Structure formats: structure tokens, C-alpha cells
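Remember, predicted model here, so these are calculated numbers, not experimental data. Below, all heavy atoms of this structure are taken into account, side chains as well, without hydrogens, waters or symmetry copies.
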2 protein chains.
Amino acid sequence: MARQAGSQGAETAERARRAALSLFARHGYAAVSMREIAAETGVGAAALYNHFATKQDLLTELMVKHLEALLAAWDAEPEAAAETEPRAALAAFARFHLRFHAARRDAVFVSTMELRSLDQPNFHRVERLRRAWEDRMEAIIRRGAEAGIFRAPEPRIATMALIGMLTGVTNWYRPAGRLPASAIEALHVEMTLSALGAAMTGDDACSPHP
Amino acid sequence: MARQAGSQGAETAERARRAALSLFARHGYAAVSMREIAAETGVGAAALYNHFATKQDLLTELMVKHLEALLAAWDAEPEAAAETEPRAALAAFARFHLRFHAARRDAVFVSTMELRSLDQPNFHRVERLRRAWEDRMEAIIRRGAEAGIFRAPEPRIATMALIGMLTGVTNWYRPAGRLPASAIEALHVEMTLSALGAAMTGDDACSPHP
DNA sequence: ATTGACAATGAACGACCGTTCGTTTCTATC
DNA sequence: GATAGAAACGAACGGTCGTTCATTGTCAAT
């Protein structure tokens with residue numbers, strides 16, 4: 001049996017992508033073999049090479065697809081517009097970041113942990129996309145800081161710190177945990193704004209420029 | 001030449017630990033071979049087994065040693081006392097966390113990224129230590145929240161968020177960067193307190209209980 | 001009906017893996 | 001000076017790795 005009736009190449013490739021993403025997230029790129037990915041895909045190891053030139057290309061493709069989807073999805077949000085009031089924009093960004101990442105935990109995990117597994121050209125390609133995401137947030141913070149709404153003397157540092165905080169949720173959040181995702185989301189949005197001295201709850205009168 | 005004059009076993013073991021830490025941090029546990037570690041140590045691969053039973057044991061030892069040193073060092077700090085005023089305690093904790101981690105970037109990287117490479121018994125051992133560190137911070141936040149000094153309705157969530165923010169610095173901080181470590185440290189201590197509505201700079205009169 | 005691209009197969013390649021083994025050399029102790 | 005143990009060596013073991021290859025069955029277009 002060399003080719004199953006009704007099977008399509010694109011479907012196999014997609015199954016392989018899903019299998020690889022799950023396995024890479026659980027065990028790490030280097031610890032997963034093409035044979036394991038193939039088995040999870042329901043195919044022989046050699047068949048993978050009809051869809052991906054190398055294991056490295058497969059990893060790169062997963063990361064690039066994820067980051068491009070992230071950027072495109074945010075840019076389509078109404079709050080991504082440059083005219084949005086900084087507090088509202090930052091809150092929306094934090095909420096979007098948390099939701100998007102919660103829905104794709106494997107992809108986030110792989111995209112942040114396996115950067116070191118990329119060879120140089122692929123690394124630069126992925127790094128450019130990651131940087132683009134950080135720049136989206138930095139632009140909001142910079143806008144708010146210049147308007148005196150955020151206390152952020154170094155917008156770049158604040159960006160990295162807050163992205164670290166938001167992305168870190170993926171490392172410990174479990175859907176079966178004590179609190180629902182919505183509560184964790186609300187708490188983090190609150191902390192994000194608070195960290196820049198622009199809390200929207202509690203003593204609101206205390207923001208630098210009320 | 002089977003044994004070099006003047007070479008001592010303990011020194012070789014320590015060189016091997018350093019080599020392994022550096023290689024694991026750069027390429028990941030699974031991607032590094034015992035032969036590479038041995039070469040960096042200046043020894044044959046077989047010699048490593050005079051000091052470590054398995055590769056897995058070597059990784060575990062690195063993590064346990066790091067986390068135990070972290071806990072012991074913090075517990076020796078004066079601000080770790082339960083009587084310390086919460087704002088001062090949290091500021092000291094954040095500063096300590098940043099400094100300790102900045103000085104041991106490889107160990108931090110390995111200890112947080114390679115948890116998945118541990119088999120179950122080793123994982124639990126390391127996880128208990130990691131949890132102990134989180135509990136140190138949570139105790140401070142809980143104390144401050146109960147005293148009305150921190151705005152933290154869920155101390156556990158705040159702990160995880162802030163530890164994520166502080167630990168994340170290791171991922172992007174470079175000593176040759178634009179800002180000195182002291183500036184990054186100050187900004188993060190400030191954001192840590194701010195996130196809980198207890199900033200010590202700027203509009204200090206705004207903290208819930210002045 | 002024939003063709004050609006596609007998508008799969010099992011077998012194989014050379015390289016490298018963690019680990020073990022028997023041996024050798026050095027150091028410390030009596 | 002003999003001896004025991006520590007610490008190194010080179011070689012080897014069985015296994016797995018990413019990838020390639022020749023082949024084969026299937027489908028769509030001619």
C-alpha cells in the first residue's frame with residue numbers, strides 16, 4: 001500500500017504540524033525524533049520529507065506561522081489603532097496577548113523556548129517577528145508615557161518586563177486550576193496597568209494625570 | 001597518559017559542572033552530548049562517569065545546587081525576616097532575585113527551561129525547591145495584602161506574575177546593553193511595587209494606606 | 001489508455017548517542 | 001616500598017538519529 005485512497009497531502013502536512021507542535025512543546029525540539037512525529041502523524045518517517053525539507057524547516061515553519069498569525073490577529077483588533085487612548089490600548093493588548101497565548105499554549109511554548117534550536121538564518125527570521133510583537137507593545141507604552149499617562153521612564157524596559165509577565169502565564173496556568181481564565185486575565189490586566197502607575201480600579205484618582 | 005599529575009577529582013567534577021551548565025544553557029539538555037561536555041572539561045567521555053552516574057543525574061545536580069543556593073542566600077538576608085515591613089521586604093526580594101539571577105544566568109536558564117527533561121522523581125525534587133522559592137515571595141505579598149498595603153486580591157497569582165516578570169529579565173538582558181544592570185534593577189523594583197499599588201517613588205501619597 | 005506528478009513505503013546510510021568495560025597510571029597510606 | 005583506591009584512558013556495545021533512495025500505488029489530465 002503506497003498511497004491511501006482519499007488521503008491528501010495538505011491534510012498529512014497539517015497533521016504532522018500538529019503532532020510536531022505537541023511533541024516539541026512537551027519534550028523539546030532536540031528530544032523529539034522525526035520517527036516519533038511520523039508515528040503520531042500516522043505515516044512513515046520518510047513521508048515527512050515530502051512536506052518538509054528538514055526537521056529544522058519544520059520547526060521554523062511552526063514558529064513563523066504562529067508569530068505571523070499573532071501579529072495579523074492583533075493588527076485586526078480595533079484597539080490596535082494608533083488613536084486608541086493609551087490605557088485602553090494597553091489593557092486591550094494585555095487581554096489579547098493572554099487570550100491568544102492561552103489558546104495556543106504549545107505554539108507559545110515552542111516559539112519562546114526553541115529559539116536556540118534555530119540555525120542562524122532561521123533565527124533571524126523568527127527574531128524579527130518576535131521583535132515586531134514587542135514593538136507593538138512598546139509603541140503603546142511610549143505613547144502613554146509621552147502623554148504623561150504612564151509612568152515609564154524606559155518604555156523598552158517596561159515592554160520587556162510586562163511581556164515577560166504576560167507570557168510567563170503560559171508556564172504555570174492550567175485550565176483545571178482554582179481560578180477561571182477570566183479571573184487570571186482580569187488580574188493581569190490590572191497589574192499591567194498598575195505597574196505603569198495607571199490602574200483603572202481602586203484609587204483611580206491617583207493616576208499621574210487624572 | 002591515564003591520569004594527569006596534580007589533577008584532583010573534585011576539580012574535574014567542578015569543571016564538568018561548569019561546562020555542562022554552559023552547554024545546556026546554550027543548546028539545551030537533549031542537544032548536548034556527554035562527549036561534548038567531556039571535551040569542554042578536558043577529559044574523555046568515560047571519565048565523566050567517575051563523577052556522575054548518568055547524564056540525567058548531572059542535570060539534576062545542577063538544578064538542585066542552584067535552587068538550594070538561591071534559597072539559602074535569601075534566607076540569610078536581613079530583609080527575609082518575617083517582621084520586615086512588606087514594601088521593604090518585597091523591594092528587597094525583587095532586588096535580590098534580579099541580582100542573584102543576573103550573576104548566574106546559565107543556571108537560571110537551565111533550571112527553568114529543562115524541567116521537562118527531568119524524569120519524574122528528579123522533577124518532583126526540583127519542583128519542591130522551585131515551589132519553596134515562590135512561597136517565599138507569596139508570603140511577603142500575602143502579608144502586605146492583609147495589612148492593606150498591597151492591592152493583591154489573589155496573592156498566588158500576583159506572585160506567579162511578578163516572578164515571571166523578574167525571571168524573564170534573564171532572557172533578554174545583556175551586560176553590554178544600553179542600560180547598566182543597576183538601572184534595570186531599579187526600574188523592575190519600581191514596577192514590582194507599582195503592580196501591587198504600592199509604588200515608593202512619584203505620587204507616594206497614593207498608596208492605599210499611607 | 002497513457003502519462004506524470006504526488007504521496008506514500010521499507011530499507012539503508014553514516015554518524016552519533018549514553019553508557020560499560022578492562023586497563024593503566026597516579027596519589028595517598030601503611 | 002608495597003598496596004589500595006581514585007581517576008583517567010581507548011575501545012566497544014547496542015541503539016537511535018536525520019536523511020536519502022529506489023520503488024510503488026493513486027489520482028488528474030491528456
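- Contact check, A:H51 against C:dC6: no side-chain N or O comes under 4.0 Å of OP1 or OP2.
- Rounding to whole angstrom units, CG of residue B:L23 and P of C:dC17 are separated by 12 Å.
- B:K55 has its NZ atom 8 Å from the P atom of C:dT19, to the nearest Å.
- Comparing A:Y29 and B:A45 against DNA chain D, the residue whose closest nucleotide sits nearer the 5' end is B:A45.
- When distances run from any side-chain atom of A:M34 to the nucleotides C:dA8, D:dG18, C:dA11, the shortest one goes to D:dG18.
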How far apart are the C-alpha atoms of B:N171 and A:T112, what are their side-chain angles, what is the distance that settles it, and do they pass the side-chain contact (heavy atoms from CB on, under 4.5 Å) test?
-> CA-CA 10 Å; B:N171 292 332; A:T112 61; over 6 Å; no

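- No side-chain N or O of A:T60 forms a donor-acceptor pair with one of A:R125 less than 3.5 Å apart.
- Under the 4.0 Å criterion applied to side-chain N and carboxylate O atoms, B:R95 and B:E79 are not assigned as salt-bridge partners.
- Considering only the side chain of B:R35, C:dG18 comes nearest among C:dA11, C:dG18, D:dA11.
- Closest contact between the side chain of B:V43 and the listed nucleotides D:dC17, C:dT9, D:dC9 involves D:dC9.
- When the P atom of D:dT16 is taken as reference, atom CD of A:E36 falls 11 Å away, rounded to whole Å.
- In this structure, the CG atom of B:L58 is 14 Å from the C1' atom of C:dT19, given to the nearest Å.
- One finds no salt bridge joining A:R18 and A:D106 here, because no Lys/Arg side-chain nitrogen approaches an Asp/Glu carboxylate oxygen to under 4.0 Å.
- For B:A47, taking side-chain heavy atoms from C-beta onward, the closest of the listed nucleotides C:dT19, D:dA8, D:dC21 is D:dA8.
- We find that CD of B:E11 is positioned 15 Å from C1' of C:dC26, with the value rounded to whole Å.
- Rounded to a whole Å, the OH atom of A:Y49 is 19 Å from the P atom of C:dA12.
- You'll find a donor-acceptor pair under 3.5 Å spanning the side chain of B:N50 and the base of D:dA8, going by distance alone.
- The side chain of A:S33 contributes no N or O atom lying less than 4.0 Å from OP1 or OP2 of D:dT16.
- Within the structure, a side-chain polar atom (N or O) of B:T12 is placed less than 4.0 Å from OP1 or OP2 of D:dA8.
- Rounded to an integer number of Å, the gap from B:L48 CG to D:dG10 C1' is 15 Å.
- Ion pairing of B:R156 with B:D135 is present here, as a side-chain N (NZ or NE/NH1/NH2) and a carboxylate O approach within less than 4.0 Å.
- Atom C1' of nucleotide D:dA7 and atom CZ of B:R15 are separated by 12 Å, given to the nearest angstrom.
- Positionally, the nearest nucleotide of DNA chain C for A:A46 lies more toward the 5' end than for the other of B:V32 and A:A46.
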